2 protein chains.
Amino acid sequence: MEYYSKEIGNLIGELQKLPGIGEKGAQRLAFHILNMPPDDVKHMAETLVSARTNVHYCKVCCTLTDSETCPICSNPKRNHRQIMVVENSRDMAAYEKTGKYEGVYHVLHGAISPMQGIGPNDIRLKELMKRLEGDVDEVIIATNSSLEGETTAMYISRLIKPTGIRVTRIASGVPVGGDIEYIDEVTLLRAFEGRTEL
Amino acid sequence: MEYYSKEIGNLIGELQKLPGIGEKGAQRLAFHILNMPPDDVKHMAETLVSARTNVHYCKVCCTLTDSETCPICSNPKRNHRQIMVVENSRDMAAYEKTGKYEGVYHVLHGAISPMQGIGPNDIRLKELMKRLEGDVDEVIIATNSSLEGETTAMYISRLIKPTGIRVTRIASGVPVGGDIEYIDEVTLLRAFEGRTEL
């Protein structure tokens, strides 16, 4: 960073803290910012602080929101007896984009990972169990199809089973448009095991 | 953006304004920022505003700096009679990283591009010509090897030639480690034309 003056170095350093942004990327962003109108930079900075200050967990589903209860949890048209469990708010947005799911969500903010020292108490599981004390018909586990996601799905299903509530897991298999030739064996086996009648 | 609450949508929108950051990238950065400690976000925001406020053009070479004269222009050990002309501060940093160049720089902040409507008056050329009124031995033109960079180099050399100051252009050819098989014909021709005696 010694090639740039202190203020520019600081800016590059801050931008490099963001995920997926390396030294070159941070330099490019920094010089873009230095060439932006000062008011635009001020507005961007204010948006950062305002979002971080006003966004918190929805008191029902734990997603990130700026209201006490998120728009989905406070929508009476949604089916509040069907809860889809996801790892984070982005996964929730991905399912929302399908436009077909009418139930509500529960955001765990992570997945159980013994390797990374993340246990059941480090994700929003207690909040989920608390919700199940109310009227719930089904819990759909939509954690990722990774080792951590599967571990979490298994753990949650064992936890819920005794309550008698239906627990389901989203299907794993060949993605739509996927070319079987290029798909890994584990996925192919899953697709085989999960085959349905035509 | 309707899948996120307003504050999150605003944050994603602001981040999307940055170069090379699309919708998915902005979402990832936004959720990272929302999970950062609030003080860190505040510090990041302050760094943005502070850099934009305090960084301006060096009064000698026009590079971006937070002091009146940049560290290179105010360094008496550098050869102030040798000026390397570059398109932007990042190109200057790239040459500084070689650690071998002992002269000073002049940053144009762009290149002449009739296609984009950027003419000689839109880049810092007047400032360069003013510098040449002092004692200068050589002007090295290190603009990019693109159409715009070459046009700019040609324009500057014609402007300077009458003053009698030596004007040179950095070499164009096969990059070190480059595989001739994969290099475009124009570069190969340039390398041929620029061949030197062994």
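Chain letters run A, B, ... following the sequence lines, proteins first, then strands; residues in each count from 1. Only a predicted model underlies this, so the values are computations on that prediction, with no experimental measurement involved.
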Hydrophobic cluster membership, [X] vs [Y], 4.5 Å side-chain cutoff:
X: A:Tyr95; Y: B:Ile12; answer: no
X: B:Ile170; Y: B:Tyr105; answer: yes
X: B:Leu64; Y: B:Val86; answer: no
X: A:Tyr57; Y: A:Val60; answer: no

Would you confirm whether A:Thr65, through its side chain, and B:Ser5, through its main-chain N or O, come within 3.5 Å as a donor-acceptor pair?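 Checking the backbone N and O of B:Ser5 against the side chain of A:Thr65, no donor-acceptor pair under 3.5 Å is found.
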
Heaviest contributor of heavy-atom pairs below 4.5 Å to chain B, chosen from A:Gly25, A:Pro71, A:Ala94, A:Ser89, is A:Ser89

Q. Which one of A:Asn88, A:Val49, A:Thr63 has the most heavy-atom pairs closer than 4.5 Å to chain B?
A.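 Winner by heavy-atom pair count: A:Val49.
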
May I ask you to check whether over 12 heavy atoms, not counting those of [X], lie within 6.0 Å of atom [atom1]?
X: A:Lys17; atom1: NZ; result: yes
X: B:Asp135; atom1: CG; result: no
X: B:Glu185; atom1: CD; result: no

Solution key, residues 29-44 of chain B side-chain donor-acceptor pairs under 3.5 Å, sequence neighbours excluded:
unit_1, atom_1, unit_2, atom_2, d
B:Asn35, ND2, B:Phe31, O, 2.9
B:His43, ND1, A:Glu14, OE2, 3.0

Can you tell if the side chain of A:Arg90 reaches within under 4.5 Å of the side chain of B:Tyr4, non-hydrogen atoms only? yes

Query raised in the report: If we only count heavy atoms from C-beta on, is the B:Asp66 to A:Ile8 side-chain gap below 4.5 Å?
Result: no

Run through the side-chain heavy atoms of Ile, Leu, Val, Met, Phe, Trp and Tyr, join any pair under 4.5 Å, and report what else lands in A:Ile180's cluster.
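Members alongside A:Ile180: A:Val174, A:Ile183, A:Leu188.
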
Rounded to the nearest 0.5 angstrom, the CD1-CG distance for B:Ile21 and A:Leu18 is 7.5 Å

Run the side chain to side chain contact (heavy atoms under 4.5 Å, CB included) test against A:Met129 and tell me which residues pass, sequence neighbours left out.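 A:Met129: side chain to side chain contact (heavy atoms under 4.5 Å, CB included) contacts with A:Leu132, A:Leu159, A:Ile160.
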
Which answer fits B:Val55, side chain, backbone, both or neither, if we ask what part of it has an atom under 4.5 Å from a heavy atom of chain A?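 The side chain, not the backbone.
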
- request: Please flag which part of B:Ser50 lies under 4.5 Å from any non-hydrogen atom of chain A: side chain, backbone, both or neither.
  value: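 Both the backbone and the side chain of B:Ser50 come within 4.5 Å of chain A.
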
Legend entry - Per-residue contacts, residues 111-122 of chain A versus chain B, heavy atoms under 4.5 Å: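 Listed by number: none.
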
